[in-house]
Amino acid sequence: MKMIVEPAVRPLAGTVAIPGDKSIGHRALLFSLLSGTPVRVRGLGDGADNGRSAKAITALGASISRDGDAFVITGTGLDGLRAPAAPIDCGNSGTTIRLLCGLLAGQKFATTLFGDDSLSKRPMRRVIEPLAQMGASIAGAGGGEDVTPPLVVGPATGPLRAIAYASPMASAQVKTAVLLAGLYADGATSVTEPGPSRDHSERMLAYLGAPLAVQGRTTTIDTRAWNRDLAGSGFDVPADPSSAAFLVAAALVAGAGEVRLPNVCVNPTRTGFLDAIAAMGGRVALEHPRTGGPEPIADLVVRGPAASLRGTEITGDLAVRSIDELPILAVLAARAHGTTTVRDAEELRVKESDRIATTCAMLRAFGVACEARPDGFVVEGRPDRPFLHARVHADGDHRIAMAAVIGGLVADGASQVEDTDNVATSYPGFIAAMRTLGASVRG
Ligand code: S3P
């Protein structure tokens with residue numbers, strides 16, 4: 001599939017309801033499987049990745065029904081999971097497969113997990129290593145530098161061993177996999193991270209009554225003196241800041257009468273892109289800040305002419321807190337005066353595509369200079385001339401595809417973005433949302 005985008009001829013304007021946060025949606029589904037009471041989940045996103053987690057939990061014994069605007073998930077409780085009848089297809093979803101590794105590591109049955117071509121290349125050793133230390137059996141395809149799907153997880157022959165894991169990377173997927181396995185371990189399982197990663201799991205597991213404690217960068221699940229009950233009445237999934245980032249960027253580069261994105265998750269572990277935009281001189285208002293269940297939320301609002309931006313540096317914790325938004329931040333950097341440098345983001349190499357290579361290739365197609373580095377990239381902004389209209393290949397990566405569409409808004413003619421099917425993994429309504437704001441985009 002492809003998308004065609006015309007240059008924006010007037011400022012964007014409108015209100016768009018962004019779909020539910022993908023990270024929180026995965027957790028709402030997977031953790032509800034472990035709940036002993038039905039959980040009502042409102043605001044779940046309609047992306048294919050969350051759909052993979054939904055199918056996975058039904059294969060493991062949960063049932064999902066619709067009740068008005070909510071899904072009611074009836075789980076099996078911690079110890080009632082059923083062996084799936086067939087291998088579980090995780091599609092394009094790294095979060096589904098890595099979190100399932102942790103959840104399934106302590107089960108008494110074996111499960112095979114597989115995915116699409118992109119997922120079949122993604123590194124799994126990062127979760128297998130700590131889980132193996134806990135005594136779990138996980139086998140994968142090897143051969144290359146890392147272990148890749150398909151994976152066979154389990155069976156466990158007894159309780160897992162509690163470990164204190166010093167994670168070499170700030171990764172919410174690794175942290176969550178170990179904590180989920182910790183629910184099936186015989187003591188206190190802890191994960192210590194070198195920097196802050198998104199903390200949705202901690203918030204949600206605590207809400208469900210898991211024996212969880214956070215101290216600094218260490219999160220612990222201690223199953224001693226616990227009745228093995230997880231229960232919660234429901235979650236509201238707030239709108240996804242990673243999807244909102246594309247519309248925020250569109251409003252900044254094209255100008256905005258008023259672009260309003262209600263109810264967005266503004267958990268500080270996810271708002272690195274807003275901090276980067278502020279450092280570049282862009283203005284995004286957070287209106288009506290409030291709390292929605294375990295997560296802070298606000299309406300994101302952009303107003304005013306096309307932003308006058310300046311280059312910045314995105315490194316360290318800020319790179320982790322904006323990791324999924326770096327492709328769209330690169331488009332903003334290309335509209336900024338001066339140079340923007342992204343460092344400490346080697347993780348981009350192993351996302352849905354090699355996002356250092358694909359981000360640079362996308363910007364170069366628009367005539368922007370972008371130099372790839374081992375752990376990031378350097379963008380030379382060209383704010384005073386339009387981008388060259390381009391044909392961009394998205395390499396099957398949803399975030400590269402959407403970033404390229406936003407780039408096309410400031411090009412000197414119509415641009416074509418190819419290989420865009422996977423936009424549906426996170427944001428099936430992306431084209432409709434862009435049109436609501438007045439952009440000319442078609443599929
Ligand atoms: C995610 C964590 C991040 C992020 C990914 C979703 C999650 O990956 O990039 O898109 O939902 O836990 P890491 O676990 O590698 O940090």
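All values reported here derive from a predicted model rather than from experimental measurement.
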Q: Look at R373 together with D375 and state whether they make a salt bridge at an N to O cut-off of under 4.0 Å.
A: no
Q: For E352, is there an ion pair with R399 - N to carboxylate O distance below 4.0 angstrom?
A: no
Q: State, yes or no, whether a side-chain contact exists between T176 and L180 at a heavy-atom distance under 4.5 Å.
A: yes
Q: Under a 4.0 Å N-O cut-off, is there an ion pair linking D240 with K22?
A: no
Q: Establish, from distance only, whether the side-chain atoms of Q173 and T95 form a donor-acceptor pair under 3.5 Å.
A: yes
Q: What do you reckon, are the aromatic ring centroids of Y207 and F235 less than 6.0 Å apart?
A: yes
Q: Is the positively charged end of R435 above the ring of F430, judged by distance under 6.0 angstrom from the centroid and angle within 45° of the axis?
A: no
Q: Where the side chain of D67 meets the backbone of A70, is there a donor-acceptor pair that is under 3.5 Å apart?
A: no
Q: Is any side-chain heavy atom of R52 less than 4.5 Å from a side-chain heavy atom of D89?
A: yes
Q: Are R270 and R321 side-chain neighbours, meaning at least one heavy-atom pair lies under 4.5 Å?
A: no
Q: Is there side-chain contact between E418 and V392, with heavy atoms separated by less than 4.5 Å?
A: no
Q: Looking at R122 and V350, would you say the former's side chain and the latter's main chain have a donor-acceptor pair under 3.5 Å?
A: yes
Q: Output all residues satisfying side chain to side chain donor-acceptor pair (under 3.5 Å) with E287, sequence neighbours left out; order by chain, then residue number.
A: R260, R303
Q: Quick one about K121 and T148 (side-chain donor to acceptor, distance below 3.5 Å, no hydrogens or angles considered), yes or no?
A: no
Q: I'd like to know if the side chain of T220 pairs up with that of Q215 as donor and acceptor (distance under 3.5 Å, no hydrogens or angles considered).
A: no
Q: Given S65, which of V72, I73, T74 fulfils the side-chain contact (heavy atoms from CB on, under 4.5 Å) condition?
A: V72
Q: Below 4.0 angstrom, N of the basic side chain to O of the carboxylate: do D397 and K351 qualify?
A: no
